[in-house]
Every structure is written in C-alpha cells, then in structure tokens.
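Presented below is the structure to which this report refers.
Below, read A as the first sequence line, B as the second, and so on, with proteins coming before strands; counting in each chain starts at 1.
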Amino acid sequence: MAIRINGNEVAIPDDPRVSLADLLREQLHLTGTKIGCNQGACGACTVLIDGERVLSCLTLAVQADGRAVTTIEGLSSEGSPHPLQSAFIEHDGFQCGYCTPGQICAAAAMLRGVADGMPSYVTADLGERAILSPEEVRERMSGNLCRCGAHNGIVEAILQVAKEDVA
Amino acid sequence: MSRMQNVVIDSVKTVLGWVPERWLPGGTPDPLIMRRGAVGRQVSRLDGPIKVGGQARFAAEVAMENMCYASLLHSPITRGRMRHLDTSAAEAAPGVILVMTHRNMPRLDIIPLVSVTNLGAVGASALPIMQDTEIRYNGQVVALVLAETQEQADHAASLIQIDYETAGARTHFEAAKATARTPASVLIEKNHTVVGNAEYELAQSPFQVDNIYRTPGHNHNAIELHAVTVAWDGDTLEVHDASQMISGSAAALAKLFGLKKEQVRVLSPFVGGGFGGKGMWDHQVVAVAAARIAGRPVRLVLSRDGVYRIVGGRTPTEQRVALAADAGGNLTALIHTGHSVMPPYSACPEQYTLTGRALYRSKSYAFVQHHLDLDIVPNTYMRAPGESVGTFALESAIDELAHEMGIDPIELRLRNEPETHPLSGTPFSQRALVQAYREGAERFGWARRQATPGTQRDGEWLIGMGCATGSFPYARMPGASASIRLTREGRAIVSCSAQDMGMGTSTVQIQHAADRLGLPMEAIVFEMGDSALPTTPMAGGSSQTVSIAAAIAAAAEKLSGELLRLAGNSSPLAGLRAGEVRMIDQKLVSIEDPSRTESFQQILARASRDEISVSAAGSAPLEMLKFAMHSLSANFCEVRVSEVTGEVRVSRMLGSFDCGAILNPKTATSQFKGGMIMGIGLALTEETLFDERSGRIMNATLADYHIPSHLDVPDIDVMWTGVPDPRSPLGARGIGEIGITGVAAAIANAVFNATGRRVRDLPITLDKLL
Ligand code: FES
Ligand code: FES
C-alpha cells in the first residue's frame, strides 16, 4: 500500500484515522498544504489527486492508496514556478499567504476542468464550451475562502494564466 | 480607562498646545516625503515566492524532535462549576502522555489586559486560566490532553468525564441594560461628551432623524487557525506563535512563568491573517504549561470551533444616532449613544462613537457608550473596532437625513465638513476628504444615481447606489525600536520584532530603509518576527508601519552620527553633525554642500571596520496629541436586489481614500480591498449567532458563519488622494483598518436607494428585504 506524493512513493500510515492533510503536514512535513477548518469549508487544504482537486482534510490517507497526489510543493517543476504561482505574485493574489497554496492547487485543477469542457453553475449554455469569464472563475473558485480579501488579484491571476494557456 | 487618565491626557494636550510646532517630532516634515526612490513604487511582495511555493513556515509547521500533540476540551455550560471530574479513561487511552486540568495546571497569575495605559500588556482576558473548578463562560478550556499523535489526543479528550453543576448566567442583551456600566473614558477619549443641548436642538430643528441601529457579534476568522509550537530547554522557552504582538507576548509569558525576559523567545515570522484576533489567549498559556510538565515539545492547534470558543470577536452593539439640521443643511445636533457588550475581564470597548466626534461640524453634540456585562468569551479588537460598526450607524443616519431633506448625501456631508477638529478645535494635520469625494464620485459615476429609491431596475433586479464616509484615527505607538547593521560591502541588516499578518511589513520597510539609508533595495535585509530582535509594539490600530518607520529613521540618524565620528578629521565631512548630512547612493552627503561627501565603504575601510551597528527608538508620537489625524475614505457602491428573493449582490464598489502618502501602491491596494471585502461580509452575511438561552455560540464553523467568497466579491476599484501628511513618518497614515469603515453604510444606503427599504440591523439578509 502506497501513495505517490509529488512523485515519491509514501507508505500509508498505520493509524487509519490519519487524514491526507495530516499525513502531508505532520508526517511528511509538506506544510505547504494548509488547514483552515478541517471540515471541508475553506479549501485551504486543497491538493490534486490524479489531477483533480480534493480537500485533503476530508480525505483519509488510506483513500489515496495507489493514487498520485500533487501538493503545492510538487506543482513547480524543476525549481521553476508554475505559471499560476508567478501570476499570483504579479497580481498580488494573496496577503498573508495562508489560503494561497489551496487557491493555486484549486485553480490548476479548475483550469483543467474548463479545458475538458466541464460546465459550472453559472455556465449559461450547457451545450457550448464554457468561456472563462471572471464570473465563471469566481463561481468555480468559491470553495476557496480568503479572509485577507485577495479575491480580485486571485481572479486576475487565474484569468491571465488561462489566457496564456490558450495563446 | 479612568478619570485620572482623562485628566492626564487633557493636560498633555493643553501643554502641547503651547509648544511651537517645530519643537515637536514631525514639526519639520520627514525629508523622505520629498525624496522618494523605492518608496511609492509598485513592488511585489518580497516574501511572495516562498508563500506561493508553500515554503513559508507558519506556527504549526515548525518540526521538532520528540514532538507531542495537544487537544483541548471546552466547557459546554456557561456558568457553574465542575462537580466531578474523571480523567482516568483518557489517561489510559493509547498514546496519552498527560491530561492537564485545574488539578495539575501550575498556579499562574492573571495576564494584564492590553490597554492605552499599558501598551506593553497583551492580555485579551483577565480571567484565570484553568486554575479552579469554576466555569465563567461557554467554551472555556477545562482540560488539555497530550498524546503522541493528534488523533490519539483528540480521542482521549473525548473520554474525559465531567459532571457540571450549572448556575445562572447573564446571557440576555436587553436584560443586562439594567446594570449597564458607563466608563469614564473610551480609549483615550472622555466617554460622556456633551456640547450644547443636543436634545433641545433635535426637537427644535426643522429636519431630524432619530433611529436605533444594531450590529451583531463577529469573528475574525483568519484562515490560519490559532496555533503554537512550544519547546522548553531547561529554563528557556521557545514559542512559535501566530501573533500580532510578539515582544509583548514574550514579556507576558516570562512574567507568568517566572522567567527572565531573555529566557523566552517568541517567533512569528508569518501569520496567516490576524485582524485583531491573533493576540494572547488561553491556548498559548496551557500549551507552555503542558510542555513544561511533559518535558517535551508540544504543538497545539485550535480547532475552528475552538477558535470561536476561546478567542473572542467583535461585540454586538445597539446604537442610537439622532441628527438634526437647519433648512440650509447645517447640522444642529449629532447624538450618538448606545450599548455594547463588554464584560469587565475584556479589553476592547468597541469605540463606535469615536467617528462622530471627528467627522462633522454641528451646533451641538452628545456622546456616551454603556457597557453590558454578559458571561461570554471576552470580546476583543477586530478590524477597525468601533469605527467599522459606528460608521454603519452614523453614515446610515446621514443618508437618512439627506433623503429627508431632499439633498444629495454627498452634498450634505460636504456642507458639514469641519475646518478643525469639531470638538477640540485642534487643527487637522492633513485632510482632503472633499477631494476624495469629488474624485470618487466622478470616477464612480455618482451623477447617474436616481435620488428617488426603487426607480432603477433590470428585470427582477432593483439597482441602487450608495455612499458613505469611512474614518480611522492615526496612531503611532511609543516604544518602537530598531537596529541597523551596515557592512563594508554595502549591505544593511535592519532588525526589529515586527509582525506581518499579510500587510507586507517587510516589503514596505525594505523600500523605506533603501531610501532612508541611500542603498538599493537588494542591499537590505529585514529581520522581523522574533522577540529576540529590538522591541516593536504590537501590530494594531493601523500603527505598525509608521511606528517602525520612526524607529528606523532614528536608527539611521544615529548611524549617520556614528559614521561621521568614524570618518574623523581627514574626511571631507569633518565637522558635520548627523542632522547636517543625508544618506544617498551609499554615501554620506552634506545637505548644505553636496560636494562634501564620502562613501560608507571608504569611511569603514579607513577606520578598519567590517561593519557598524546601531540601535535606536523612535521619537515619542506627540504629533497625535498636537494634531487631529485620521485616515479617511469615501465609499461608493452599487447593489442589485432581487425583488423575488431579497438577495443582495454588490455589483460595483469604489473606495476613494485619503490616508497620506501611499508607500507601495500594490500592497496598499490589497489592504484597502481586503478591508472593503470584509465590509461586504459585515453588511450582508456575517453574524456570530449567540443563543441567549444557553449563552453558546451556535455557528462556530466556517460553513455556518459566512465570510465573503469569490462569487460575493466584484471587481473593486480603489483610488487615493496621496497627499502626504506633513506630521507623520514618510507622510503616511494607517491603511489596514480604514478599508472596512463606511462600507456597511454604503451598502445599506445603496439597498435603500434600490428598494426604498431601510435596514438598520446588520447583516442585511434576504428575510429583511421581503
Ligand atoms: S481545511 Fe480542508 S476545507 Fe478547510
Ligand atoms: S491571503 Fe490571507 S487568507 Fe487569503
């Protein structure tokens, strides 16, 4: 039994109560994944499992058995930051930085979802491919709370990366 | 907060009134106001890369050998005592190291409450911590369990059996009015303040409004949970905390545990949001005590529920605002009074009447605040304490009066703009609220607003515009110090125990130090977040930036003096004194004769020195007493209200600020917007639901307490006058709290303009509009 975390095989913890968030933070010291509520309400603990966004506080570590987990630490490739990471700095998409890893992981998966044609609650025409408007980004990112109020910068950063992806 | 304090402050102000301005600090404007290089530039946060990369280490993220984990148990009753306590099952549970209750908790004193007369104090609660069987409020910590893992600690805590004997608790706001207290002062202002006969003027004037406004309790809800990682090494203590008051916390812990100050080190380089909530509460104390008993490092992270239970928030208020005006729209009476909850063991008086004392000219005034005693977790400071909710009442009332009179609400405000502080006559240091309104109204398109409510619609959506003034007093804290170490290679290490909860403290102070020391930004290292560094006061009252700036300025002046001394008689600078030179381009330069100059490197090399170190404290903040100084804002907003559901959407928002010089437009914009967004929550969704029957908070989760989410936040526009304040370091005033002030009123006024419905109790939820 093992989980692939940022490319490394990690054994499943003995205690089945251990959440994926606690495995990352307390046992592997991958503290880029944050905990803001431990009950699925804030999104700070968002990581990617097989490319999809998941709340690691609501995921038991055992549930990730055999799957590939990517955390904020694994998002940059060979030392060069992920485009979202650079765009967040450029657009000041954070203040305290505590919600930030969760926002960035969520945004990465969200952009993939959009590219795959996944509609959202505000998508007007379900038959058409969603255009990534600011409203779409807001809706799709509403599971990630930010108390510092960096919302505008976060949305701008994501839109910029989305635009560069298309270009 | 005594009568004595009123007397002392009054007499200092009187004496200062006689002192010529140029004798005071700030008498000559800070030369950097005119000479900005790095300051004023759009600099991205220098700690950005480690924050977006997940490498910034917060308090709960410090790894230690042999660490164990704590879990807390909270009282489910409000008043009474523990009749029977059985910890045996918990002690026998797997992995448990220690169960701590009042029985084995060390006997400790009470932590002195933070106050304007004791600025070094950090206490948010004057109640004993786990010292006896008594329960004083719902959620109080009654036990702590330490175990090898968090899972084991949490489970063991659930095994503790307590049999409570309940006693009658004070939990009713209305009932508590019978025994309300009326303190002599509210912070540094006299509480009960009367000018003329306001009730008489109110009755006599042709136009008047007189209403009650209510605001509920609020919680800070920083996304980072309160956390500490604590380690003892013999008699020295290291605490990794999430703290807005690093030096003060270290001093308080030293006193509490009988240590010397040097034996305690508090580190808090990153704080995941504070907003007033990240002070000294019970959890740090019990974690330190448990770590000592167990002899092992301890990590304690509060649950979100735990934060609501033991960290107080903004208190509920009930405010009366009555305004009267003559036919010309000149105010004849301004009355602002009310009740808020503040048990005697808490520190924050929620100073909601302060804004009205400084904002408008009026023929008469009456102000007084009454405090209600309830058995609650001690309330505390939360972003713009007082002003955030006080401006809701006052600025709603102004809008109501303008509507009553058929005058544009901006026009009514401008007609009553004071020349000097309306109560004291003290001159304003700098005030350009009129300009902020004019420019804001222009950019927002205020002229398109329909004065008659309910006349703009788009299908089911009624559309309205509103505006309101925001205000927050300037503060610079005494006792800030900083050190500077200048090396021969031309680097400067600037150090102080400052805190950063997301304001961009290090970024802005590096910009500042670069200009002050005549070095490029890349040559400056800013060390902060550590009580071992020179002491700076807490981050609060929007005061930190100028407080530290004054300390760095003082240290830089001292550095000039030291360099001149080292330069000696063979230097072109020989004979000059510190005040006669400035630091530019890595050189000391005579102000009078710029040809007299020598580089730092030459001076140090000739003196055979590798480096030079100085430290100094900032001057006393006398400018605050000599001048009336406020950050101000004109808030504009547009809302859409569904006629079908009552749902309110904020569609546009603009903040036009007058806060002195803006030091970094990028980070300042974020702070302004952050405050305004918290204002959206204050107006529309946020409410700590308190069950008056049980005395228990009912919505202690982020799922049930609704802070704004992405979909609630429109693109927000921010602008500023940028006029420097001639009395403050760098010409700056505070920007951390002003953003939230006035926003709730602007939204409520827009809702009225959209619907014709005036909501006077926050939050403006759907049910109130149906
Ligand atoms: S910590 Fe997982 S959603 Fe808040
Ligand atoms: S940046 Fe602080 S919570 Fe989002």
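In plain terms, the two heavy atoms of B:Arg57 and A:His29 that are nearest each other are NH2-O, 3.9 Å.
When side chains are defined from C-beta on, A:Val137 does not count as touching B:His710, because their heavy atoms never get closer than 4.5 Å. Between B:Leu711 and A:Glu135, some side-chain heavy-atom pair lies under the 4.5 Å cut-off.
With chain B as the partner, the residue from A:Gly149, A:Gly32, A:Gly97, A:Cys96 showing the most heavy-atom pairs under 4.5 Å is A:Cys96. Counting heavy-atom pairs closer than 4.5 Å to chain B, the top-ranked of the candidates A:Cys146, A:Ala41, A:Ser142 is A:Ser142. Across A:Leu30, A:Asp15, A:Val18, A:Val122, the residue that shares the most heavy-atom pairs under 4.5 angstrom with chain B is A:Val18.
Under a 3.5 Å cut-off, the side chain of A:Lys34 and the backbone N or O of B:Glu224 do not form any donor-acceptor pair.
The contact between B:Tyr705 and chain A is made entirely by side chain atoms (from C-beta outward), counting heavy-atom distances below 4.5 Å. Using a 4.5 Å cut-off between heavy atoms, A:Arg25 touches chain B through its side chain atoms alone. Looking at B:Ala703, the atoms closer than 4.5 Å to chain A (heavy atoms on both sides) sit in the backbone and in the side chain alike. With a 4.5 angstrom heavy-atom cutoff, A:Ile35 touches chain B via backbone and side-chain atoms both. In this structure, chain A has heavy atoms under 4.5 Å from both the backbone and the side chain of B:Gln152. In this structure, chain A has no heavy atom under 4.5 Å from any part of B:Ala227. Within the 4.5 angstrom heavy-atom criterion, atoms from both the backbone and the side chain of B:Gln671 approach chain A. For B:Phe270, no part sits under 4.5 Å from any heavy atom of chain A, backbone or side chain.
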